[in-house]
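Presented below is the structure to which this report refers.
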Amino acid sequence: MTLKKTSIYIILTVCLIISVFPFFWLVLTSLKPGNEVLEPTFLIMPIFDNYVNVLTDAKFLNRLGNSFFISIMTVIITVPIGCLGGYAFARLRFKKKDNYFFMLLTTRMAPPVAFGVPFYLLLSNNHLVDTYTGLISAYVFMNLAFCIWLTRGFFEEIPYELEEAAYMDGCSKLTSFIRITIPLSVGGIITTSILMFIITWNEFFFASILTRNEVATFTVHLTTFFGSRRIDWGELAAASTIVSIIPIIFAIMTRKFIVRGFSLGAVKNSK
Amino acid sequence: MSSQTDYQLTSLPNNKLVKKRRSFSRIVKNPAFLFLLPTIIVFVLLGVYPTVSAIWTSLLSYNLTEPSNVEFVFLQNYISIFKEGRFWIALWHSAQFVVTGVGLSFVIGLFIAMLLNKITRFKTFYQVGFLIPMVISPTVAAYNFKFMYNYNFGIFNSLLEKVGLERIDFLGNSATALWATVVIDIWQWTPLVILILLAGLETLPKEPYEAALIDGASPLKTFFSITIPLLKPFIIIAILIRLMDSLKVYEYIQLVTASGPGTSSETLNTYLATVGFNWFEMGSGSALGLIALNITSLLSLFLVKKTNMFKAGEEH
């Protein structure tokens, strides 16, 4: 290896260390015994007390379950709706298609906070604050444009000839969509679902205003560490680590597509 | 065709009705309508309806704590928002946040992407490593940085002390609080810039570089006259996505500084949340929401239209 190559690796490694350090520090803090948490020292002996405490806390487990249920339900409801919409934008003919596409775009660009008050009023008028239905509706709305976008891209990649052949054989648009398009883009649909799961799992704003106690998610639970009592940073770190594991595993699983997902389909996969 | 025209001349309104009905049934029979029907229902119920009701609410003086005391005040909410210094300061903070956040993460991201493009071994390892920050919940990121920024026991301050510098109260000082939150944004989203630009760099053709080498162009000149122009579409996407995301930022500020000290790190989003959910002012909250919605949508739409980035699919 030349000197130049070596220095590139050195710089990259330094950048990577800086990039991963905050997460590393989080995990390290979570493994420290109570009296060392506030000491800026490296770890001597890992201790799992914080994890034991967090994982035996019924409230935390309950809210982790809520997060899981809400994210899964959001994906299950959004994906079929979004695939149908994505197919319409990819393959079907209708007036002012581009304009509608831009309208979809606005819901993706708008800050969720801007929808806060109207959503809260809508749900509270219908007695849906702090219910699964309420929060899941908000998430379905926020994710739908994302889902339409990504699936549209995947559907467009399927050779049109295959669908054309199905039309020739007398299939309706819907039958060919279900029999040809969906099976050919299962990979893309699964990736879209995983990304939507990550986004919903990580969401904080809507969870904080549309829930109180019954259906509160883990992101809301983390804020309760800052109550009146002394902040237990060790347990907060343990809880944070636990909830980060799922998105990290999912991200590594879908790493080929994640750039495409987060760039709203604008960047196709690199290798 | 001609008979239809005659008919139209004799009884225009009636024919218009028929036409309308016909075009309606044509829309309903279009398969695209059936495919889009679920989407339309969701958007009308959860997008259009709340927006329309927000327009109405924004004209009311309506505090949730006094539900019996609702009054129609027309544009009063908007007038008092625009008259208030706090709104403009929050807007200014948002602008500072977005410009520095997007700008710095772009420069750092481009630098790292260029380096990553030069290596072959362990490339995947680095790529996966850089993925981690961007999929962690912003809530987790916010609290983790709050911990690291702490004046007494935060790692940053103990590092400062170790190299012989004075401790800095990052979050308690109005000069640093906003910038401390920008750092979290940069930390979490630079990796996305890296990966988008890397995907772009991998598609660049080799020939122009060979030609530049033969011509004896300096690396700096090659960078500005070959790499940047060829990479332009990816640069635009990266900046656009970063812009949209940093306009949405809420957690980093709300959870780390709570807009403080005072209101020195308050952005449009946290101001909006305070008005709506700490003061329970539904009227002003709706008005502010609509203002924020317009600012961000117009800005992003302008850029999207300009760049022609996202187009609907080809028709068949």
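So you know, we letter chains A, B, ... as the sequences are listed, proteins then strands, and number each from 1.
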Among B:Leu255, B:Leu247, B:Val128, single out the residue with the greatest number of heavy-atom pairs under 4.5 Å to chain A. B:Leu255
Structural part of A:Phe115 lying under 4.5 Å from a heavy atom of chain B: side chain
Is B:Asn269 close to chain A through its backbone or its side chain, or both, or neither, when contacts mean heavy atoms under 4.5 Å? both
In terms of heavy-atom proximity below 4.5 Å to chain B, should A:Val243 be classed as side chain, backbone, both, or neither? side chain
Which bit of A:Leu26 comes within less than 4.5 Å of chain B, counting heavy atoms only: side chain, backbone, both or neither? both
Applying a strict 4.5 Å limit to non-hydrogen atoms, the region of A:Ser172 in contact with chain B is neither
Side chain from CB out, backbone as N, CA, C, O: work out which of these in A:Leu236 comes under 4.5 Å of a heavy atom of chain B, or both, or neither. side chain
Tell me, side chain or backbone of B:Leu115 under 4.5 Å from chain A's heavy atoms, or both, or neither? both
Do A:Val37 and B:Phe147 come within less than 4.5 Å of each other through their side chains, counting heavy atoms only? yes
Count the heavy atoms belonging to other residues, nucleotides or ligands that lie under 6.0 Å from CZ of B:Phe153, then report whether that count exceeds 12. yes
Residues of residues 280-287 of chain B with a heavy atom under 4.5 Å from any heavy atom of chain A, in residue-number order, are B:Met282, B:Gly285, B:Ser286
B:Lys118: salt bridge (Lys or Arg N to Asp or Glu O under 4.0 Å) partners, not counting sequence neighbours: none
Neighbour count >12 (heavy atoms, 6.0 Å) for atom CZ, B:Phe125: no
Chain A contact via B:Thr57 - which portion, at a heavy-atom distance below 4.5 Å: side chain
Please look at A:Tyr100 and chain B and tell me whether the side chain, the backbone, both or neither of the residue comes under 4.5 angstrom of a heavy atom of that chain. neither
Under the 3.5 angstrom rule, does the side chain of A:Asn202 hit a backbone N or O of B:Val140 as a donor-acceptor pair? no
Over-ring placement of B:Lys248 relative to A:Phe205, 6.0 Å and 45° cut-offs: no
Bottom line for B:Phe33: the part with an atom under 4.5 Å from chain A's heavy atoms is neither
B:Ile196/A:Phe262 under side-chain contact (heavy atoms from CB on, under 4.5 Å): CA gap, chis, key distance, verdict: CA-CA 9 Å; B:Ile196 291 176; A:Phe262 277 101; over 6 Å; no
What part of A:Leu12 gets closer than 4.5 Å to chain B, counting heavy atoms only: side chain, backbone, both or neither? both
Under 4.5 Å from a heavy atom of chain B, the part of A:Ile209 involved: side chain
Please state whether the side chain, the backbone, both or neither of A:Ile18 comes within less than 4.5 Å of a heavy atom of chain B. backbone
Side chain, backbone, both or neither of A:Leu122 within contact of chain B (heavy atoms, under 4.5 Å): side chain
Select one option (side chain, backbone, both, neither) describing which atoms of B:Leu192 are under 4.5 Å from chain A's heavy atoms. side chain
Select one option (side chain, backbone, both, neither) describing which atoms of B:Trp56 are under 4.5 Å from chain A's heavy atoms. neither
Would A:Ser240 and B:Asn144 satisfy side-chain contact (heavy atoms from CB on, under 4.5 Å), going step by step from the backbone distance to the final call? CA-CA 8 Å; A:Ser240 299; B:Asn144 190 28; over 6 Å; no
Winner by heavy-atom pair count (cut-off under 4.5 Å) against chain B, out of A:Ser244, A:Pro118, A:Ala114: A:Ala114
Under 4.5 Å heavy-atom distance to chain A, tell me which part of B:Phe156 shows up: side chain, backbone, both or neither. neither
Region of B:Phe130 in contact with chain A, defined by heavy-atom distances below 4.5 Å: both
Toward chain A, the part of B:Ile41 with a non-hydrogen atom under 4.5 Å: neither
Sub-4.5 Å side-chain heavy-atom contact between A:Pro22 and B:Trp187: yes
For A:Thr29, which atoms come within 4.5 Å of any heavy atom of chain B: side chain, backbone, both, or neither? side chain
Proximity breakdown for B:Leu293 and chain A, heavy-atom pairs closer than 4.5 Å: both
Among B:Ala238, B:Ser137, B:Gly289, single out the residue with the greatest number of heavy-atom pairs under 4.5 Å to chain A. B:Ser137
Mind checking whether A:Phe141 and B:Leu45 have side chains closer than 4.5 Å, heavy atoms only? no
When A:Phe23, A:Trp25, A:Phe119 are compared by non-hydrogen pairs under 4.5 Å with chain B, the top option: A:Trp25
Checked A:Val20, A:Thr223, A:Ile11 vs chain B; the most non-hydrogen pairs under 4.5 Å come from A:Thr223
Run the ring-centre check on A:Phe225 versus B:Tyr143 and record whether the distance is less than 6.0 Å. no
Under 4.5 Å to a heavy atom of chain B? For A:Phe155 that would be neither
Interatomic spacing from CD1 in A:Ile252 to CG in B:Leu131 - rounded to 0.5 Å: 7.0 Å
If you define the side chain from C-beta out and look only at heavy atoms, does anything of B:Phe35 sit under 4.5 Å from A:Arg91? no
Might you work through the side-chain contact (heavy atoms from CB on, under 4.5 Å) test for A:Ile258 and B:Val135, ending with a clear yes or no? CA-CA 10 Å; A:Ile258 208 156; B:Val135 292; 3.9 Å; yes
Residue selection (most heavy-atom pairs with chain B, distance under 4.5 Å) from A:Leu84, A:Ile198, A:Leu104, A:Ile8: A:Leu84
Which value, rounded to the nearest 0.5 Å, describes the distance between B:Leu36 atom CG and A:Ile148 atom CD1? 7.0 Å
Select one option (side chain, backbone, both, neither) describing which atoms of A:Phe204 are under 4.5 Å from chain B's heavy atoms. both
For a quick test of reading the model, state the closest non-hydrogen atom pair linking B:Met148 to A:Phe21 and the distance between them. SD-CE2, 4.3 Å
Part of A:Leu121 within contact of chain B (heavy atom distance under 4.5 Å): side chain
Under 4.5 Å from any heavy atom of chain A - which part of B:Pro31: both
